[in-house]
Amino acid sequence: MNGRKQQLLKRHRRNKRIVLLVALLALVLLGVFVAWWLPPLLLALGWVAHEAWFADHLFYSPRDDYRYDFPADCLSVPVRLEQGVLRVDADLAGHDTLILELRLQATWLGRLLDPHVLLGSDRQDFERGVAGRRYLNLSGQQIDGLAIAPRFCRIEGELRLHAMRNPDFAAQRMLIIAPHADDAELAAFGQYSRSPGAAIVTLTQGEIEAEHYQRLGLGKAAAARLKGRLRAWDSLAAPLWGGVPQMRCVQLGYYCLQLPAMAEQPDNPFGSRESGERDIRSVRAHNPLRLPADADGQPTWHNLVADLAAVIDHYRPEVLLTPHPELDPHHDHVASTRAVLEACERSSWQPQTLLLYANHLHDNDRWPMGPAGNGIALPPAIAALPADRLWSPSLDAERQLDKAMALGLQHDLQGPLPLKRRLRRLIQRVLVGRRWPATGEDEFFRKAVRRHELFWVRSR
């Protein structure tokens, strides 16, 4: 997480502690002056209510407007809704990515249940209590005559359609920058699985938070080393399910959550926080090419940038897929894109296009909201983002299932859910109708397996 998200989390936890202290004081007073049995009953009911309606990490008001600007080459036209059917007078031929701007107002039920909009066979969900400007993703649908039906919310004000034209980037040579094993699958499995020239470079081993492997009788450091080996293997093996051979996959072997520190002190090596390792060559044996850092194995920023420049020179990509530096707050993701941009300056080969993705958000841990298999509405942008063009290709049901199976190959997404999270899901299923897919228990099976993938297009 970057500094902004840490501030949001601190504010959220501070406010939560204040509410809990006030509630505890009220319960004590009720127990003393009303009835002894009332506090435990209210405490149990309050916990159930919290798990059902207040457990989402939402670091903004659902009444805030999303703020998006679109580039000058975007076609923006007013559209109208006639008896629940969308009517568009403009010629949209050749425009592949279609975004509908509108205002949503939650009904009283929309404060208890998830407000959503049905778009033909699609459904896109929003925050409970939503009351502001939002952006629906209509890409891949026949727009004129599309049935639109809000549920637990109302559509208000003017509707405007933003239409963008892109080449099929999957037909070009693409290099996917994955800070960790599974980032490539989460963001872009649908695209690399249909790209004959795709290559994937994974920057880190993913060795931290290995408590699950300590149940095998391993100490903390040994468990971290095992997890790093497994996830490094995943980064090379899982892409084969999407048709990317091992000769087009590279594992650099740097250490989780150390990339920002490396960037600030580029000459100093930063070993693993948990495994005790300091030589990145331990997971590089299967790489298809020799890299600069193979000489000394030092986890330094200079080595990372040199490795990435060598990978770019080797695969000569036309398109780079990398985390969105303003939207995705994960420390390693921000540092990864910084390293890629520095490597491009050093490389003799110059990719012309960046496709930016976000596997994490500052403001909303549930985005994309709603059940798996549906479309991806634009994420919350409370602070304005650069006016990038969008590209949102569609995934059919077969490719979505393949994407879910690719996620199932990742060891980090296979661990059992903690008891508290299982109880939360049961409560939310019963009281508010939320559903999770059968393909996997990890939240990414719900968030990432969708009828769209979403990228921000930035020219270099």
Side-chain angles (χ1 to χ4, degrees), residues 66 68-77 79 86 88 90-101 119 122 124 135-144 146 160-177 184-200 242 244 315-328 337 340-341 344 350-359 368 374-379 381 385-396 399-400 403 448 450-460:
Y66 289 9
Y68 277 95
D69 296 316
F70 298 97
D73 61 356
C74 171
L75 174 65
S76 295
V77 295
V79 295
L86 192 66
V88 184
D91 181 9
L92 300 177
H95 293 83
D96 54 275
T97 299
L98 306 169
I99 305 297
L100 182 63
E101 177 182 348
L119 307 160
D122 191 15
Q124 295 178 26
Y135 295 84
L136 298 168
N137 191 343
L138 308 188
S139 304
Q141 302 233 47
Q142 177 61 44
I143 300 303
D144 192 46
L146 179 67
R160 179 165 289 272
L161 185 70
H162 305 280
M164 284 154 272
R165 192 193 306 266
N166 297 281
D168 183 3
F169 292 110
Q172 302 179 13
R173 293 190 308 276
M174 60 169 54
L175 175 63
I176 301 171
I177 310 300
E185 284 69 37
L186 293 170
F189 176 86
Q191 306 323 304
Y192 81 59
S193 64
R194 65 185 189 90
S195 173
I200 300 170
V244 180
Y315 290 112
R316 298 168 67 87
E318 299 167 277
V319 180
L320 281 174
L321 281 73
T322 189
H324 196 303
E326 292 88 17
L327 193 57
D328 190 321
T337 298
V340 168
L341 295 177
C344 286
Q350 293 299 308
Q352 296 304 304
T353 304
L354 297 179
L355 295 181
L356 307 175
Y357 64 82
N359 288 342
N374 293 310
I376 298 181
L378 297 197
L385 297 171
D388 296 317
R389 194 166 74 252
L390 299 175
W391 182 50
S392 189
S394 300
L395 281 62
D396 60 21
R399 202 169 296 271
Q400 289 180 46
K403 181 171 185 173
R450 298 283 176 147
R451 69 187 297 160
H452 300 125
E453 289 177 336
L454 181 61
F455 306 94
W456 287 256
V457 183
R458 196 170 291 180
S459 298
R460 292 191 65 248

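One is the number of the first residue; the rest follow in order along the sequence.
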Whether Tyr192 and Phe189 hold their rings parallel, tilted or perpendicular, with breakpoints at 30° and 60°: perpendicular

Between atom CG of Leu385 and atom NE2 of His324, what is the distance when rounded to the nearest 0.5 Å? 5.0 Å

Before you tell me yes or no, could you show the steps for Leu395 and Arg451 under side chain to side chain contact (heavy atoms under 4.5 Å, CB included), namely the whole-Å CA-CA distance, both residues' side-chain angles and the distance that decides it to 0.1 Å? CA-CA 5 Å; Leu395 281 62; Arg451 69 187 297 160; 5.7 Å; no

Given Asn166, Asp96, Asn137, Thr97, the one that forms side chain to side chain donor-acceptor pair (under 3.5 Å) with Ser392: Asn137

Working to the nearest 0.5 Å, report the span between CD of Gln142 and CG of Leu86. 10.5 Å

Of all heavy-atom pairs linking Ser394 and Gly140, the shortest is OG-CA, 3.6 Å

How long is the span from the OG1 atom in Thr322 to the CG atom in Leu175, to the nearest 0.5 Å? 9.0 Å

If you compare all heavy atoms of Cys344 against all heavy atoms of Arg460, which two are closest, and at what distance to 0.1 Å? CB-NH2, 3.3 Å

Looking at Gly242, is its backbone amide N or carbonyl O close enough to the side chain of Ser193 to form a donor-acceptor pair, meaning the two atoms are under 3.5 Å apart? no

I need the Ile177 CD1 to Leu356 CG distance, nearest 0.5 Å. 11.5 Å

Arg389 side chain to Arg165 main-chain N or O, any donor-acceptor pair under 3.5 Å? yes

Heavy-atom pair of closest approach, residues Arg399 and Gly190: CD-O, 3.6 Å

Contact summary for Pro167 and Trp391, nearest pair of heavy atoms: O-NE1, 3.9 Å

Of all the heavy-atom pairs spanning Phe455 and Ala188, show the shortest one and how long it is. CZ-CB, 3.9 Å

Heavy-atom pair of closest approach, residues Pro71 and Asp388: CD-O, 3.6 Å

Got Leu390 and Val457 here, is their nearest side-chain heavy-atom distance under 4.5 Å? no

Short side-chain to backbone donor-acceptor contact, Gln141 and Leu119, under 3.5 Å: yes

Would you say Leu454 and Pro379 make side-chain contact, with heavy atoms under 4.5 Å? yes

Would you find a donor on one side and an acceptor on the other, under 3.5 Å apart, between the side chain of Glu318 and the backbone of Arg173? yes

Could you give the distance from CG (Leu98) to CG (Leu146), rounded to the nearest 0.5 Å? 10.5 Å

Between Arg450 (side chain only) and Pro368 (backbone N and O only), is there a donor and an acceptor less than 3.5 Å apart? yes

Parallel, tilted or perpendicular: which describes the rings of His162 and Tyr135, with under 30° parallel and over 60° perpendicular? tilted

Donor-acceptor contact below 3.5 Å, side chain Asp144 vs main chain Val88: yes

Straight-line distance of Leu320 CG to Leu354 CG, nearest 0.5 Å: 6.0 Å

With side chains defined as the heavy atoms from C-beta onward, is the minimum distance between Phe169 and Thr353 less than 4.5 Å? yes

Under 3.5 Å, is there a donor-acceptor pair between the side chain of Gln352 and the main chain of Gln350? yes

Between Asn374 and Gln124, is there a donor-acceptor pair closer than 3.5 Å when you use the side chain of the first and the backbone of the second? no

Decide, yes or no, whether a salt bridge links Glu453 with Arg194 under the criterion of side-chain N to carboxylate O below 4.0 Å. no

Does the Lys403 side chain pair with the main chain of Leu186, one donor and one acceptor, at a distance under 3.5 Å? yes

I'd like to know if the side chain of His452 and the backbone of Ser139 have a donor-acceptor N/O pair within less than 3.5 Å. yes

Are the side chains of Ile143 and Leu92 in contact, using a 4.5 Å heavy-atom criterion? yes

Going through the checks in order, is the side chain to side chain contact (heavy atoms under 4.5 Å, CB included) test met by Gln191 and Ile176? CA-CA 10 Å; Gln191 306 323 304; Ile176 301 171; over 6 Å; no

